Amino acid sequence: DIDSPFDINSIDIYRDELRFDLENTGNEDLIVKKIKIDDCDTETPDKTIIKDDERNFDFDCDFNSRVDSDIDIEYMKSGGNETLTASGRIRADFNYRDY
């Protein structure tokens, strides 16, 4: 789950990787400046997500068999100069095998 104006879709979680689509559910185009997720590398993508659209994000992570990580997204409205923040949490339980 995450604060408005975002929604997280199509989540794939692995021991060392996290992928998801970040949807802009707001009324304005947004520029994602920074994404910080516990147990993952911080990304500074500088990607624009137009309203009612989504963009894919990939992260290098170091998860155990349980994921319970905070996510913080710093973003700006297109044409704006104020940095805003959306926060949420990613949770999952999974089993994996090393081959």
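Only a predicted model underlies this, so the values are computations on that prediction, with no experimental measurement involved. Note that the numbering runs from 1 along the sequence shown for the chain.
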Would you mind checking if Asp46 and Lys33 are paired as a salt bridge, meaning a charged N to carboxylate O distance below 4.0 Å?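 Answer for the salt bridge query: yes.
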Given Leu22 and Arg55, is the side chain to side chain contact (heavy atoms under 4.5 Å, CB included) satisfied, shown in steps? CA-CA 5 Å; Leu22 186 64; Arg55 297 287 298 264; 5.6 Å; no
From [X] atom [atom1] to [Y] atom [atom2], the distance as rounded to the nearest 0.5 Å:
X: Asp72; Y: Thr42; atom1: CG; atom2: OG1; answer: 9.5 Å
X: Arg19; Y: Asp12; atom1: CZ; atom2: CG; answer: 5.0 Å
X: Lys77; Y: Asn27; atom1: NZ; atom2: CG; answer: 9.0 Å
X: Asn64; Y: Arg15; atom1: CG; atom2: CZ; answer: 10.0 Å
X: Leu30; Y: Ser78; atom1: CG; atom2: OG; answer: 8.5 Å
X: Ile71; Y: Asp1; atom1: CD1; atom2: CG; answer: 10.0 Å

Suppose the criterion is ring-ring contact (aromatic ring centres under 6.0 Å, His included): which pairs have a residue in residues 36-61, not counting sequence neighbours?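 As it turns out, the ring-ring contact (aromatic ring centres under 6.0 Å, His included) pairs with a partner in residues 36-61, which skip direct neighbours, are Phe20-Phe59.
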Would you mind listing every ring-ring contact (aromatic ring centres under 6.0 Å, His included) that reaches into residues 28-48, with sequence neighbours excluded? none
Side chain to side chain contact (heavy atoms under 4.5 Å, CB included) for Ile11 and Leu18? Distances and angles first, verdict last. CA-CA 7 Å; Ile11 300 173; Leu18 171 65; 4.0 Å; yes
Quick one: closest heavy-atom pair of [X] and [Y], and the distance?
X: Asn56; Y: Lys47; value: O-NZ, 2.8 Å
X: Asp53; Y: Ile49; value: O-CG2, 3.3 Å
X: Glu17; Y: Phe63; value: O-CE1, 4.3 Å
X: Ala92; Y: Ile13; value: CB-CD1, 3.7 Å
X: Asp21; Y: Glu54; value: OD2-OE2, 3.4 Å

Check: Lys51 main-chain N/O paired with Asp29 side-chain donor or acceptor under 3.5 Å: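 Yes: the side chain of Asp29 pairs with the backbone of Lys51.
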Keeping Asn24 on the side-chain end and Gly26 on the backbone end, is there a donor-acceptor pair under 3.5 Å? yes
Ile37 side chain near Cys61 side chain, heavy-atom distance below 4.5 Å: no
Would Val67 and Asp39 satisfy side chain to side chain contact (heavy atoms under 4.5 Å, CB included), going step by step from the backbone distance to the final call? CA-CA 9 Å; Val67 177; Asp39 302 313; over 6 Å; no
Membership question, hydrophobic clusters at under 4.5 Å side-chain separation (ILVMFWY): are Leu84 and Val32 in the same one? yes
According to a 4.5 Å side-chain heavy-atom criterion applied to Ile, Leu, Val, Met, Phe, Trp and Tyr, with indirect links allowed, do Met76 and Ile50 form part of one hydrophobic cluster? no
Which residues share a side chain to side chain contact (heavy atoms under 4.5 Å, CB included) with Ser4, sequence neighbours left out: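 Side chain to side chain contact (heavy atoms under 4.5 Å, CB included) list for Ser4, sorted by chain: Thr25.
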